[in-house]
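Report on the following structure.
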Amino acid sequence: MTRVVYVNGRYRPYAQAFVHVEDRGFQFADSVYEVCDVKGGAIIDRDPHLARLARSLSELQMPMPMTMAALRLVLRETVRRNRVRNGLVYLQVSRGVAERDFAFPPPDTPATIVCLARSLPPDYAAARAERGIAVVTAPDIRWRRCDIKTVMLLPAVLAKREAALKGAKEAWLVNEAGFVTEGASSNAWIITEDGRVVTPGLSASILPGVTRATLIEAIAREGLILEERHFTPAEAAGAREAFITSATNTVMPVVSINGSAIGDGRPGPLTRQMRRIFHKTVAIKE
Ligand code: PDD
């Protein structure tokens, strides 16, 4: 089967899915995106992802390139045409193509819209969740609007590279005050000795994760205790358990930080419970 990619109104064969060299996404990272998990052909938390896309666009003074209904259709069609049952769907919108100039192009410049879908083995994240992942810390060198989901991802790329060189899957970014803000491509969580679930509160320093929001709903529904506050790498190293959340990982246990084991160095029962209640909440919402 040939993979196809949605590019500006057309479904193109993968090998011919091009964007112009003067695309503002390419030249200025003037572009926003979303990644949704696909499970059994369903796009998980589709509407909250689209709502965040709309917010990212609005924060950058870009108009919605099409209606929400049309965007839903593009996501669905891209998943369908690529026969993705389990995997991800990626949607990106840039300010369009214009001669290189820092100034915004004329307002009638059409946005560039790209959507692609990819299959992943159905047990891809589940198998990894059985083992858990290692994280390392890295300085948070990103800009001050990390709440906007832009493709300006070079700091994340470099942090992930550092992590990979140290045998870790994710980097936890640490701000100048010494607190963990979030992962390079995930939100960061710990569980304290007395079972409180802790994650940094929303601010311009972190992305408001859709998985984070759904898990917070699940935590409330189960009557568990959530604390939205900062924590340091040292607190994380001494925590009972730790984990990350993101669309494709959902809830992924963290078993070590900077080489030091968290708890007994294996995914703990509370993190497993987080994973379970997250999936239960998603199933209820479907
Ligand atoms: N990343 N924080 C950052 C910096 C992220 O890039 C992501 C997601 C998250 C988690 O958000 P959500 O739960 O909505 O996926 C937090 C995506 C998956 C990516 O860039 O591939």
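Here, residue 1 is the first one in the sequence, and each next residue gets the next number. Remember, it's 1-based here, ligands and their atoms both numbered in the order they're listed.
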Subject >> Rounded distance (nearest 0.5 Å) linking atom CZ of Arg196 with atom CD1 of Ile225 >> reply: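 That separation rounds to 4.5 Å.
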
**OP:** Look up atom CG in Leu215 and atom CD1 in Ile277, then write down how far apart they are to the nearest 0.5 Å.
**Re:**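 Atom-to-atom, Leu215:CG and Ile277:CD1 are 5.5 Å apart.
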
Is the shortest distance from a heavy atom of [X] to ligand 1 less than 4.0 Å?
X	value
Tyr33	yes
Arg52	yes
Thr248	no
Gly183	yes

Original post:
Any chance the side chains of Thr214 and Asp45 put a donor and an acceptor closer than 3.5 Å?
Top reply: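 Yes, a side-chain donor-acceptor pair sits under 3.5 Å.
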
**OP:** Verify the ring-centre separation between Phe231 and Trp189: is it less than 6.0 angstrom?
**Re:**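 Not close enough - the centres of the two rings lie 6.0 Å or further apart.
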
Using a strict cut-off of 4.0 Å, indicate which atoms of ligand 1 neighbour a heavy atom of [X].
X	answer
Ala247	12 (P), 13 (O), 15 (O)
Thr245	10 (C)
Glu182	2 (N), 3 (C), 4 (C), 16 (C)
His49	14 (O)

Identity and distance of the protein heavy atom lying nearest [atom]:
atom	value
atom 6 (O) of ligand 1	Ser185 CA, 3.3 Å
atom 1 (N) of ligand 1	Lys149 NZ, 3.3 Å
atom 18 (C) of ligand 1	Val35 CB, 4.0 Å

Side-chain ion pair, [X] and [Y], N-O less than 4.0 Å:
X	Y	result
Arg240	Asp194	no
Glu217	Arg212	no
Arg276	Glu222	no
Lys160	Glu170	yes

Original post:
Are any side-chain N or O atoms of Asn258 and backbone N or O atoms of Thr137, one a donor and one an acceptor, separated by less than 3.5 Å?
Top reply: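 Judged by distance alone, yes, a pair lies under 3.5 Å.
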
**OP:** Would you check the N or O atoms of Thr211, main chain and side chain alike, for any that come under 3.5 Å of an N or O of ligand 1?
**Re:**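 Checking ligand 1 against Thr211, an N or O pair does fall under 3.5 Å apart.
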
Original post:
With only distance considered, is Pro208 within less than 3.5 Å of ligand 1 through an N or O on each side?
Top reply: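 No, there is no polar N/O contact under 3.5 Å.
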
Original post:
Among Ser186, Ala156, Gly209, which one has a heavy atom closest to atom 16 (C) of ligand 1?
Top reply: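 The residue whose heavy atom sits nearest atom 16 (C) of ligand 1 is Ser186.
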
Can you tell me which portion of [X] lies within the under-4.0 Å heavy-atom range of ligand 1? Options are side chain, backbone, both, or neither.
X	answer
Arg142	side chain
Ala184	backbone
Leu153	neither

Original post:
Listed by chain and number, what are the side-chain hydrogen bond (donor to acceptor under 3.5 Å, both in side chains) partners of Arg161, not counting sequence neighbours?
Top reply: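 Partners of Arg161 by the side-chain hydrogen bond (donor to acceptor under 3.5 Å, both in side chains) criterion come out as none, since no residue qualifies.
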
Subject >> Qualifying side-chain hydrogen bond (donor to acceptor under 3.5 Å, both in side chains) pairs, either residue in residues 1-22, two or more places apart >> reply: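 Output for this query lists Glu22-Gln27.
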
